[in-house]
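Side chains included, hydrogens not; waters and symmetry mates left out as well; all remaining heavy atoms used.
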Amino acid sequence: MDNFTDKIAVVTGGGSGIGRELVRQLARDGCNVATCDVIEKNLEQTLEQVRSECPDIRLSGHHCDVGVEEDIKRFESEVRDSHDTSHINLLFNNAGIGGGGSFVNDSRENWERTFNICWNGVYWTLRAFLPMLKACDEGHVVNVSSVNGFWASLGPGTAHTAYSAAKFAVKGFSEALLTDFRINAPHLGVSVVMPGHIGTSIAINSQLIMSRKTKVEFSSEQIDFWRDRLIEAGMPVHNESDDQIVERIVERGNSFRDNAPTSAAQAATTILDAVRENRWRVLVGDDAHRLDERVRKVPEKAYDFEFFSVFE
């Protein structure tokens with residue numbers, strides 16, 4: 001698929017970050033797009049922006065929580081109706097959140113919520129849209145994993161279990177689809193995307209989705225957790241108020257977005273170029289390439305303290 005003109009694409013998590021940029025760039029290339037998000041304000045901003053940039057393409061927005069299978073089934077039905085189609089050409093399983101860091105200490109609810117969105121959201125969405133993909137002349141599936149799909153860590157002092165487990169599952173599933181599609185649906189391609197540090201609002205959006213709020217709010221337990229984390233990192237926040245701790249958490253989330261080495265727009269361009277070139281393994285960002293090389297070189301040492309010192 002060397003161009004996207006007049007194709008139909010479905011993008012999950014299109015309200016911000018890489019998802020929004022995928023929608024924008026696909027639309028500029030003449031692709032009709034259906035996108036969904038669970039944060040309606042973000043979704044509306046994407047739709048407004050893309051409609052002003054590309055008024056001639058067919059664009060639809062849908063509220064959908066990919067961690068709930070019934071939402072995905074409804075999304076699929078809405079896409080059929082909104083685009084008056086029985087097929088799609090492109091499916092971007094992009095939606096994801098962070099959370100569920102510790103299997104030992106985090107609540108089962110938060111752990112499974114993260115896993116359901118980051119893994120089951122991919123599985124359920126492809127299940128729902130597979131008939132529409134099989135009905136097209138040529139198609140491609142893009143599943144967004146992470147560098148945490150081959151390296152299950154954020155560093156020696158941070159547990160990172162639910163997200164990593166989900167992203168490993170996405171990577172393995174995508175690689176298995178290479179053979180499955182080749183045998184049973186040869187007109188379909190698949191790519192697994194492993195971004196490094198990308199400039200997105202995943203940290204803040206994850207908190208909104210987890211808390212099911214329209215603004216960032218933290219429980220007293222979460223604030224105490226973050227206060228301890230900040231103290232462990234050498235920050236003198238012992239006597240700061242809860243509101244001040246929340247401000248610091250939000251600042252960290254914004255810093256993650258604003259100081260990333262790779263922008264969401266650059267990531268989307270890399271992904272779409274890979275689809276055009278039918279590349280199945282897509283590392284995004286120089287940091288992802290460096291980490292991949294090092295993990296492959298010394299896999300048995302990938303979780304030793306000495307391994308982390310290289311990146312400090």
Side-chain angles (χ1 to χ4, degrees), residues 3-68 71-72 74-85 88-98 117 121 125 129 132 142 144 193 195 198-217 250 253-254 256-258 260 262-272 275 284:
N3 74 83
F4 306 127
T5 303
D6 296 327
K7 301 295 194 298
I8 302 173
V10 170
V11 181
T12 67
S16 63
I18 296 174
R20 175 178 290 177
E21 291 300 328
L22 285 170
V23 175
R24 292 182 69 195
Q25 293 184 32
L26 285 163
R28 290 173 190 164
D29 284 346
C31 187
N32 301 303
V33 185
T35 187
C36 73
D37 206 283
V38 70
I39 303 177
E40 294 191 59
K41 179 180 178 181
N42 290 351
L43 179 62
E44 287 302 318
Q45 290 173 348
T46 295
L47 297 176
E48 181 179 354
Q49 185 173 14
V50 176
R51 282 170 178 153
S52 67
E53 295 172 345
C54 307
D56 295 330
I57 65 104
R58 179 173 285 189
L59 174 69
S60 64
H62 309 264
H63 181 266
C64 177
D65 182 341
V66 299
V68 179
D71 269 26
I72 295 170
R74 175 178 49 77
F75 175 39
E76 187 270 351
S77 177
E78 290 176 358
V79 171
R80 287 179 178 271
D81 292 341
S82 297
H83 291 258
D84 189 23
T85 184
I88 63 170
N89 302 95
L90 295 150
L91 173 62
F92 295 85
N93 280 310
N94 164 76
I97 64 168
I117 290 173
T125 302
F129 283 95
M132 296 183 75
V142 174
V144 178
V193 177
I198 310 299
T200 73
S201 299
I202 186 173
I204 300 303
N205 288 341
S206 296
Q207 178 58 34
L208 292 172
I209 293 168
M210 279 293 198
S211 63
R212 295 177 171 83
K213 304 287 186 180
T214 57
K215 64 179 181 178
V216 177
E217 296 180 7
V250 173
N254 290 337
F256 179 91
R257 177 194 63 205
D258 298 337
T262 305
S263 70
Q266 290 170 323
T269 298
T270 298
I271 293 167
L272 294 178
V275 174
V284 182

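Expressed to the nearest 0.5 Å, how far CG of L22 lies from OG1 of T269 amounts to 9.0 Å. To the nearest 0.5 Å, atom CE of residue M132 and atom CG of residue N89 are 9.5 Å apart. Taking OG of S82 as the start and CG of L59 as the end, the distance is 10.0 Å to the nearest 0.5 Å. A distance of 10.0 Å separates OG of S77 from NE2 of H62, quoted to the nearest 0.5 Å.
In this structure a side-chain-to-backbone donor-acceptor pair under 3.5 Å is present from Q25 to A265. At least one donor-acceptor pair under 3.5 Å links the side chain of R20 to the backbone N or O of N42. With hydrogens and angles ignored, the 3.5 Å screen pairs a side-chain donor or acceptor of R74 with a backbone N or O of H63. The backbone N or O of L43 lies less than 3.5 Å from no partner atom in the side chain of D37, so there is not a single donor-acceptor pair.
Annotation for A27 and V50: closest pair CB-CG1, 3.7 Å, computed over non-hydrogen atoms. Between A267 and T262, the shortest heavy-atom contact is N-CG2, 4.2 Å. In plain terms, the two heavy atoms of T35 and G14 that are nearest each other are OG1-CA, 3.1 Å. Minimum heavy-atom separation, P195 to I18: CG-CD1, 4.5 Å.
Taking 4.5 Å as the limit, every side-chain heavy atom of E21 sits out of range of all side-chain heavy atoms of Q266. Counting heavy atoms from C-beta on, the side chains of T12 and F92 never come closer than 4.5 Å. With contacts defined as side-chain heavy-atom distances shorter than 4.5 Å, the pair V142/L91 does not qualify. At least one side-chain heavy atom of L26 sits under 4.5 Å from a side-chain heavy atom of L90. V66 is not listed as a side-chain neighbour of D71, based on a closest heavy-atom distance of 4.5 Å or more.
In E48, the CD atom is not crowded: 12 or fewer heavy atoms of neighbouring residues, nucleotides or ligands sit closer than 6.0 Å. The local environment of CG in D84 is sparse, with at most 12 non-hydrogen atoms from other residues, nucleotides or ligands closer than 6.0 Å.
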Handout entry: D29 and T5: CA distance, side-chain angles, deciding distance, side-chain contact (heavy atoms from CB on, under 4.5 Å) verdict
Key = CA-CA 6 Å; D29 284 346; T5 303; 5.6 Å; no
Exercise for the section: Apply salt bridge (charged side-chain N to carboxylate O under 4.0 Å, His left out) to K41 and E44, showing your working. Expected result: CA-CA 5 Å; K41 179 180 178 181; E44 287 302 318; over 6 Å; no
Handout entry: Step-by-step side-chain contact (heavy atoms from CB on, under 4.5 Å) determination, S16 to T46
Key = CA-CA 7 Å; S16 63; T46 295; over 6 Å; no
Practice task
Start with the C-alpha gap between V79 and E76, add the side-chain angles, then the distance that decides, and say whether side-chain contact (heavy atoms from CB on, under 4.5 Å) holds.
Solution key: CA-CA 5 Å; V79 171; E76 187 270 351; 5.8 Å; no
Problem - Worked verdict on N32 versus H83 for side-chain contact (heavy atoms from CB on, under 4.5 Å) - result: CA-CA 8 Å; N32 301 303; H83 291 258; 4.3 Å; yes
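Residues satisfying the ring pair (Phe, Tyr, Trp, His ring centres under 6.0 Å) test with F4, not counting sequence neighbours, are none.
Under 3.5 Å, the side chains of S60 and E78 contain no donor-acceptor pair of N or O atoms.
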